[in-house]
Amino acid sequence: MVALRHGDRFLTLFGHCERLSVRVGQRVVRGQPIATVGKSGWSTTMHLHYEIRRRGAGGTWGAVDPRLYILDQSWEDEDRLLAAGWSAPPPVGAPLPRTLVR
């Protein structure tokens, strides 16, 4: 897995990687390769697990709808997605390793 921290409020997680191209603490720029897609755990085919986490009240990290942040795409219900994404606290996702949430 590769986890990228975007300031104090956001993390992006990339799972099921085959080969990592970055190391802990390295700064990366948009478009830079960070890993190759692979399969791990119980997955049976190569694929990417992509997740965005936002820090909420109390320092908890919750998963948010990635459609708000990926691609240069306008969504039909974009206004509703944006309003919902920023007004409600993010739902709590699976626990993150301690090294990511310090």
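Numbering of residues begins at 1 and proceeds along the displayed sequence.
Under the side-chain hydrogen bond (donor to acceptor under 3.5 Å, both in side chains) criterion, Arg23 pairs with Gln26, not counting sequence neighbours. The side chain to side chain contact (heavy atoms under 4.5 Å, CB included) search around Ser21 returns none, not counting sequence neighbours. By the side-chain hydrogen bond (donor to acceptor under 3.5 Å, both in side chains) test, Thr36 is found to be paired with no residue, residues two or more places apart in sequence or in another chain being considered. With sequence neighbours left out, Gln32 forms a side-chain hydrogen bond (donor to acceptor under 3.5 Å, both in side chains) with no residue at all. Not counting sequence neighbours, His49 has no partner by the ring pair (Phe, Tyr, Trp, His ring centres under 6.0 Å) test. In this structure, the side chain to side chain contact (heavy atoms under 4.5 Å, CB included) partners of Leu4, at least two apart in sequence or on a different chain, are Val2, His6, Thr12, Phe14, Val28, Ile34.
Minimum heavy-atom separation, Val37 to Met46: O-CE, 2.8 Å. Nearest heavy atom pair, residue Leu20 against residue Ala35, reads CD2-CB, 4.0 Å. Closest heavy-atom contact between Arg5 and Trp61: NH1-CZ2, 4.0 Å.
No side-chain heavy atom of His16 sits less than 4.5 Å from a side-chain heavy atom of Lys39.
Note that CG of Leu11 is 8.0 Å distant from CZ of Arg53, once rounded to the nearest 0.5 Å.
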